[in-house]
Amino acid sequence: MPVVTRIAPSPTGDPHVGTAYVGLFNYALARRHGGRFVLRLEDTDRQRYQAEAEERILAMFDWLGLRPDEGPGIGGEHGPYRQSERLAHYQAAAQRLIDDGHAYRAFETPEELEAMRLEQRRLGHDPGYDGRGRLVAPEEQARRAADGEPHVVRLRTPDAGDTGFTDLLRGEVRIPNAEIRDTVLLKSDGFPTYHLAVVVDDHSMGVTHVMRAEEWVTSTPIHVLLYRALGWALPTFVHLPLLRNPDANKTKISKRKMDTSVESYRQQGILPEALLNFLGTMGWSMPDGREVFSLDELVAAFDPARISLGGPVFDLKRLRSLNARYLRDVLSIEALGERVRPWLLERGITVDDEDYLLDALDVLRPRAETLLELTDQLVPFFESRLRYDVDARRRLAAGQSYLEDLERAFAALEWFDDDDVDELLRGYVQRQAVPMGKVMMPLRVALTGTTQAPGVVDLVVIMGKERTMERIGQALQAISEGLPDDDPERLKAEAEAAAKEAERAKRGRRPLTAAERG
RNA sequence: GGCCCCUUCGACUAGCGGUUAGGUCACUACCCUUUCAAGGUAGCGGCACGAGUUCGAAUCUCGUAGGGGUCACCA
C-alpha cells in the first residue's frame, strides 16, 4: 500500500512556520516511500477565513520547494481539495451517522449552551455539553429539521469505558470516554467541524499516515470513534511535538510571542533551504549526526520513528546561524550571486559586471547572516555616492591627510593587484610611523562608508583603481564640506534615525516586494 | 482543575543496560588580524528528583516534581 500523507492548513492568517514544519515531515515521509503528498485547505471556518491566505499558503510551499502531488491548483483524482467545496461529502457522512444512531441533531441555541455552561460552573462541574439533545426523539429531530429549525449534528459518544489509539511515537494512548463530549460534527451553517471533515477527507483521499501537531492528541479518540462508526480503517497516527516559544516555560509557538510568519523570514533574507534544514532539526536528527542537510537528504534518511518528543524551542539565533552557514559554505558563489540579484534590484542596483559581484560576495559572505545583511553590505560596492554613518565620519575627519597622500599614491600605482596594493599601503604606514589602523580605517570608511567592512587591501583590489580613486576623492570632498562632528544636533538626529531603522529592521515586517516574490 | 503527553548542557540534539555522556548553536578565553566577521585551538556547561529491577542504569518499572497540550457551532 502506498504511503499517503497530507498537510491541511487553514487559510486564516499569515503562512505559519508550524505549517511549514508539519508539511516538511509529511512531505518527507511520502517522498521517502514513493507515495503521495496531498495539500488540502481546511477552510470550514467562514468567520476566520481569509481569501488571500490561501494563495499565500500555496506560495509558501512553492517557495520552500515542498511540492504537493495533489492539491488546490494542482489537481488530483481525490479532489476537490478545498473543504468548502466538499460539503456534500460531510453531509452524506453525517446523514449516515444519524441513520445508524451514531449521531443526532441537536437544537440548542448558543445562548442555551452558554446558560448551561454557566450553570455547570455554578455547581462546580466541568463545563461541557451534557448530551441533552439525545433526549429528543429521532422523529422529532427529523421533523424540526425538516421545518427548518437551525441545528447542529453531534456525535453520540460512549459514556463509559475509554477510547484509545496507537501513536507511532507514544504507543497506546487511552482517554476515558467521560472526557469526550458529544462533539459537534456539522455546524448549523452546514459546514463540518474539523473532526468530521478530517476523518471524511483523510479516508476518501486515501491518507495512510496522519502526521500532525501534538495538540490533536486528545481529540484523536473522537476521530477513532468516527472511523469505527463509519466502518473505515484507521490510519497510522503520528503526533509531532509542538514548536515552542523561547520563553521560560516553552509555551506553544504563537505569533504574540515571536515571529511565526514564513513570509517574514523570507523578507529578512532567510533562505528556504536553511529554513527547511532548521525545521528539520526540530525533533528530528539525521542518523549519522549531520546537521547541515538538504531536503533531498532529509527525504532519503527520513524515519518518523527517530522523531524526539521534547518540544523544541524555535531559536532564532540558531536559524540565523544556519542561514549564515548556507551563505558562506553551502551555496556556491555563483548561486549566491543569483540569490542576491533580486535584492539588489530592489535597491535599484542592476549588476552588469558579474565578476565584480562575485568578488565582492567572496569577501562579504562570511560577514552576513541573511540576504538582507548581505545586500546592505553589497550596496556600497555599487552605489556611486556613499553615505557615511556617524562613526564613519569621525574616522574620515581624523584621516584627511592620509587620504590625501593615498590619493596621490594610488594615482601613481599602475597595477591594483594584491601584492602591489599591500606593499603600497604597508610602505606608507611604515613611513608615517603610525599604527596600521590610523591609516586603514579612514580608507576603509572612504571606500565603504562604514567601519565594519572587509580588509582594506581586498577592498581596494576588488574595487580597482577607478572606484578607489573616486571614493577617496568623494571622501575628501565630504571632509572639506564639513563633517557633522562639529554639529552635535545633526549627529544626534542621525543616531536616532539609525536606532529607529534598526528597530524597524528587527521587526522585519513589510509586504513582500516584487523582487522577493520573483 | 479533570484528562492526555513530555523531561539529556542556556538552545537543538546523539544515546536505545556497560560511553571519560558525543556533536551543533550560543557563551568565555586565546591564536590570526588594519576594523568587523570568518577560521583555528581550548574551555564552560547536562542525564529533574526518589525508589525499585539488574552484577551494572541517561537508557527498564513505579512514584514525585516540573513543563506543555486539551477541555468551542476554531482549526
Side-chain angles (χ1 to χ4, degrees), chain A residues 8-12 42-45 47-48 106 108-110 113 117 124-129 150-154 162 167 169-170 173-176 178-181 183-189 191-195 197-198 212-221 239 241-242 244 246 248-252 278 281-292 306 308-322 324-325 328-329 363-369 377 391 395 425-426 429 435-445 448 450-457:
Chain A
S10 194
T12 53
E42 310 229 324
D43 57 346
T44 56
D45 184 342
Q47 253 73 260
R48 294 197 301 155
E108 295 80 21
T109 63
L113 294 175
R117 278 188 278 265
H125 298 156
D126 286 342
Y129 188 69
H151 64 279
V152 299
V153 174
R154 286 182 184 270
D162 51 30
D167 181 277
L169 298 167
R170 281 159 260 259
V173 177
R174 308 203 72 83
I175 308 256
E179 296 289 325
I180 308 170
R181 306 291 178 161
T183 325
V184 173
L185 263 20
L186 221 48
K187 299 183 259 187
S188 57
D189 63 1
F191 278 64
T193 59
Y194 174 82
H195 306 297
V198 77
R212 83 238 285 194
E214 185 178 10
E215 57 192 334
W216 295 110
V217 166
T218 47
S219 48
T220 302
H239 289 94
L242 255 18
R244 307 299 180 91
N249 281 343
K250 303 187 182 181
T251 46
K252 171 167 90 164
F278 175 71
T281 65
M282 305 269 88
W284 161 263
S285 62
M286 280 293 214
D288 64 4
R290 256 177 303 169
E291 283 164 3
V292 178
R306 280 189 63 81
S308 63
L309 293 177
V313 172
F314 193 97
D315 180 358
L316 225 48
K317 269 186 169 171
R318 271 187 69 235
L319 207 210
R320 292 177 63 89
S321 143
L322 190 60
R325 182 79 185 272
R328 65 171 190 269
D329 287 336
V363 293
L364 254 22
R365 72 205 293 212
R367 281 160 235 270
E369 288 192 316
Q377 297 176 47
D391 191 35
R395 305 296 195 145
L425 255 13
R426 282 181 195 282
V429 168
M436 274 273 196
K438 283 275 190 204
V439 176
M440 296 300 208
M441 194 48 95
L443 181 52
R444 169 176 296 110
V445 169
T448 65
T450 171
T451 54
Q452 299 178 10
V456 168
V457 174

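Below, chain A is the first sequence line, B the second, and so on; all start at residue 1.
Among the heavy atoms of the strands lying under 4.0 Å from R48(A) is at least one base atom, whether or not backbone atoms are also near. In this structure, R244(A) reaches the sugar-phosphate backbone alone: every heavy-atom distance under 4.0 Å involves primed, P, OP1 or OP2 atoms, never a base. Heavy atoms of E108(A) sit under 4.0 angstrom from at least one base atom. At a threshold of 4.0 angstrom between heavy atoms, the contacts of T450(A) with the nucleic acid are absent. Contacts of S321(A) with the nucleic acid, taken as non-hydrogen atoms under 4.0 Å apart, involve only primed sugar atoms and P, OP1 or OP2. Among the atoms of the strands shown, none is found under 4.0 Å from any heavy atom of P246(A). If you check every strand for non-hydrogen atoms under 4.0 Å, T281(A) touches sugar and phosphate atoms only. Among the heavy atoms of the strands lying under 4.0 Å from P454(A) is at least one base atom, whether or not backbone atoms are also near. Within the 4.0 angstrom heavy-atom criterion, only backbone atoms of the sugar-phosphate kind lie near G311(A); the bases stay farther away. Among the heavy atoms of the strands lying under 4.0 Å from V456(A) is at least one base atom, whether or not backbone atoms are also near. At a threshold of 4.0 angstrom between heavy atoms, the contacts of V173(A) are confined to the sugar-phosphate backbone, with no base atom among them. Residue P192(A) is in sugar-phosphate contact alone, with no base atom involved, counting any heavy-atom pair closer than 4.0 Å across all strands shown. Using a 4.0 Å heavy-atom cutoff across all strands shown, S219(A) reaches no nucleic acid atom at all.
G2(B) and U70(B) make up a base pair, with Watson-Crick or G-U wobble contacts both under 3.5 Å. With a cut-off of 3.5 Å on both pairing distances, C32(B) has no Watson-Crick or G-U wobble partner at all. Both distances falling under 3.5 Å, in either a Watson-Crick or a G-U wobble arrangement, occur for no nucleotide opposite A21(B).
Contact of R367(A) with C36(B) (side chain to base): a donor-acceptor pair of N or O atoms is detected under 3.5 Å. If you check distances only, the side chain of E214(A) never reaches the base of G69(B) with a donor-acceptor pair under 3.5 Å. Checked by distance alone, T218(A) brings no side-chain donor or acceptor within 3.5 Å of a matching partner on the base of C3(B).
Between U19(B) and U28(B), the distance separating the two C1' atoms is 27 Å to the nearest Å. Between U61(B) and A29(B), the distance separating the two C1' atoms is 45 Å to the nearest Å. Spacing of P atoms, C5(B) relative to U64(B), comes out at 14 Å, to the nearest Å. Only the C1' atoms considered, C27(B) is 39 Å distant from C62(B), to the nearest whole Å. Atom name C1', nucleotides C4(B) and C9(B): the rounded distance is 29 Å, in whole Å. Taking atom C1' on both G52(B) and A14(B), the two are 28 Å apart, rounded to the nearest angstrom.
Distance, R212(A) CZ to C4(B) P: 18 Å, rounded to whole Å. The distance from atom CD1 of I175(A) to atom C1' of C5(B) is 9 Å, rounded to the nearest whole Å. At whole-Å resolution of the value, CZ in F278(A) and P in A11(B) are 14 Å apart.
Put simply, R174(A) has no side-chain N or O that comes within less than 4.0 Å of OP1 or OP2 on C4(B). Remark: K250(A) is not in phosphate contact with G66(B), judged by side-chain N or O atoms under 4.0 Å from OP1 or OP2. Here K187(A) reaches the OP1 or OP2 of A75(B): one of its side-chain N or O atoms lies under 4.0 Å away. Phosphate contact (OP1/OP2 of G15(B), side-chain N/O of R306(A), threshold under 4.0 Å): present. Contact check, K317(A) against C12(B): no side-chain N or O comes under 4.0 Å of OP1 or OP2. Within the structure, every side-chain polar atom (N or O) of R181(A) is placed at least 4.0 Å from both OP1 and OP2 of A72(B).
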### Task
Check the pair R170(A), D167(A) against salt bridge (charged side-chain N to carboxylate O under 4.0 Å, His left out), reporting the backbone distance first and the verdict last.
CA-CA 5 Å; R170(A) 281 159 260 259; D167(A) 181 277; 3.4 Å; yes

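Note on ring orientation: taking the six-membered ring where Trp is involved, the planes of W216(A) and Y194(A) are parallel (angle under 30°, cut-offs 30° and 60°).
When R325(A), R320(A), R328(A) are each tested for a side-chain contact (heavy atoms from CB on, under 4.5 Å) with E369(A), only one passes: R320(A).
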